[in-house]
Amino acid sequence: LSHVMATTFFRSIFRVLPLLLLLSPVNSSSCAMGNRTTQIREKYENILSHDIDELVNMSAEYRDRCCKNKKHENSKVFFCNDTQEIESLQSMACNMLRFFHKQKISKDYRWKAALVSCGTLQVLQCKCERHKKDKVCMQVNTHNKDTEKSEQSKKKCNQEFCELKENISSLRSCWNKFEKIIFR
Amino acid sequence: MLKMTQMSTVLSIFVLFLRTTFGESGCTSADGDGTFVDDEPDNFDIDCFSQLEFKDSYSSLTCNFTELPPHNTNYTLALCTKEDGNYVCFNMEKQEEAYFLQFTDILSNKDICMDSETKRRVCRSLVVTDIVKPEVPFDINITYQKEANEYLIHYSTPHSWKKYLKDKLIHQIAYQKEGGTWKTIETPYLQIKLLGKNLENDASYEVKVRSQPNGDYFKGMWSEWSTSKSFRTAREQHSTESYNSMVVVIFSILGFMLSIVMIVLIITFWENRIKPAVWPKLPDHKKTLEQLCKKPKNNFDISFNPESFGYVHIHKVDGIRAKAELENFLQPSTALETNLTEKFRSGSDLRMNLAMTDKSNLNLSVTYGGIWPAEALHRLLGTNQFAVTEGNCSSSTYEVCHSNRVPLCDDGFNLSSTPLLDPSGLPGPESLNGDTTSQMVSTGEMRSPNNEEAYVTMSSFYKIQ
């Protein structure tokens, strides 16, 4: 009898399993739904656009010849797809967060890049697939930067720096494209 | 058995339902102490303001209690952000009577929470961009513009070289006379002008400035007042004005008087001088010729009245032909030529033109009816006596022969056919002016007769000129 009961129990569980899978909380889209065009426009126009400009100016301080000879074989190429600008910006911002811990890049530069990434995710109300990256934003939004004395900007040219620089450029271009849409 | 199966199914579904609903509630807390955020509205009175880009990329939040809490109780203020269902809080640092915190994220919505030993955490929503307090303006400069009698007040703000609040501030300028009341002016620009006429002369004034977000996106409160700057207004504002007005009055009077004088002069000299100059009369050929042919001496009768020449035979002619054959018939007479040259120097073109002009090219259109009396011709030509017969050109009188390029007279030089160039009677082209005419008459009348004669007509005068 106990054997039969156990078998029955497990059968019921197995039947429920598909139901569980079906009713399991489906992760909502990683970006908030809803028409938030006005809010996005205001935050971008008054705050985020200035941060992006400042980051681009920091990129310009490096020599132009720095990344011309660098071959980005393994680097991802991000496109700003039509009608999918928000998703494209989310991908770019999440990818930029992985550079936050790259020691070869100057601290100020990667810290500022992380700030822009987190700001982009905040404005668009998006999350990254890997939750670890969101912890970077938590760290960036604190004043931990002051705990370590900001080193003199090492304007070194390396593969990771060039990848980050290219990522920043793509992010800015995609925001410019999205801006024209939301400013209509 | 069936019942057990049903029960397990129901139990599974129930557990699933609970997991689904509670999983999204965000009831967890980051600090892990299990305390839950109280959603009750604020029941603590604190005033907070934010300062953007306070230091580098950091912004700051400063809060203080409007009602001081009991001294025995320790309170903690924290700035909390909800991220991914987690409530992340950062405690504010207590500085004397205020609480202070630096942070970077000004995009996300935040809560200000108060913790105390006796009460649960109480939170209130906080929008950092709505409680912005700008930094204090500085470096006030006052410049007096004498010509315009204005005082230019210029100042600076630290936000000019920052990102967020640049060109998004309203500035308030307050000024007062020493011992007087404050007056304020608001402007979005970094300078303003005070009119001198609105200020007292030779008085001491004080100026100070403060700023506030313009409210388009960033809202907030006035900054602290800047350091006051004093200045003294000019002393001679009124005298300068009165001097300028006096100069204007004097110039107006002078202009008026000048215009009156001009009008009187115009009226006075209109008929005699102005009108002839503006509207010159068309020359009358008769009078002009009379002027040209000034009354010569010695009984030269110059008149166009046929009755005056009753004693001579007058042959009516159609016109005048100017003979250009002077050189062929002229005797080389240096004296006369020299005289003639002198006379015609100013109009030397006449001789040149006559010399160069072929008689066939002469097209004299002026009709001239006049005959030199023989006596005059005799005097001019000296001993040459010519007997002319009436009825033809070779008469004792010189006739001006003219036709349409067809000489009425012989081509040879004779008194009848040659164009008479009487230095006394028919002066050169320049003697269309009266002065030269008289000169020629006075100086050349009794010169030795010269065969260099030419008939010059009015038309050739005009042409040559």
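Order of the sequence lines sets the chain letters (A, B, ...), proteins ahead of strands, with each chain counted from 1. Not measured: the values here are computed from a predicted model.
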Original post:
Can you check whether B/Leu107's main-chain N or O pairs, donor with acceptor, with A/Lys43's side chain at less than 3.5 Å?
Top reply: yes
Subject >> Contact origin within A/Gln122 toward chain B - heavy atom pairs under 4.5 Å >> reply: side chain
Original post:
Aromatic rings A/His50 and B/Tyr164: how do their planes relate, parallel, tilted or perpendicular, breaks at 30° and 60°?
Top reply: perpendicular
Original post:
Contact part of B/Leu52 toward chain A, heavy-atom cut-off under 4.5 Å: side chain, backbone, both or neither?
Top reply: neither
**OP:** Sort A/Glu54 into side chain, backbone, both or neither according to what part of it lies under 4.5 angstrom from a heavy atom of chain B.
**Re:** side chain
Subject >> Any side-chain heavy-atom pair of A/Asn46 and B/Thr129 under 4.5 Å >> reply: no
**OP:** State the CG-CG distance between A/Asp108 and B/Asp56, to the nearest 0.5 angstrom.
**Re:** 8.5 Å
**OP:** Return the minimal non-hydrogen interatomic distance between B/Thr104 and A/Val140, and the atom names on each side.
**Re:** OG1-O, 3.3 Å
**OP:** With rounding to the nearest 0.5 Å, note down the distance linking CD in A/Glu42 to CZ in B/Phe218.
**Re:** 10.5 Å
Original post:
More than 12 non-hydrogen atoms from neighbouring residues, nucleotides or ligands closer than 6.0 Å to CD on B/Glu186, yes or no?
Top reply: yes
Original post:
Is B/Phe138 atom CZ crowded by more than 12 heavy atoms from other residues, nucleotides or ligands, each under 6.0 Å away?
Top reply: yes
Subject >> Engaged part of B/Lys168 at the chain A interface, taking heavy atoms whose separation is under 4.5 Å >> reply: side chain
Subject >> B/Lys219 atom NZ: more than 12 heavy-atom contacts under 6.0 Å >> reply: yes
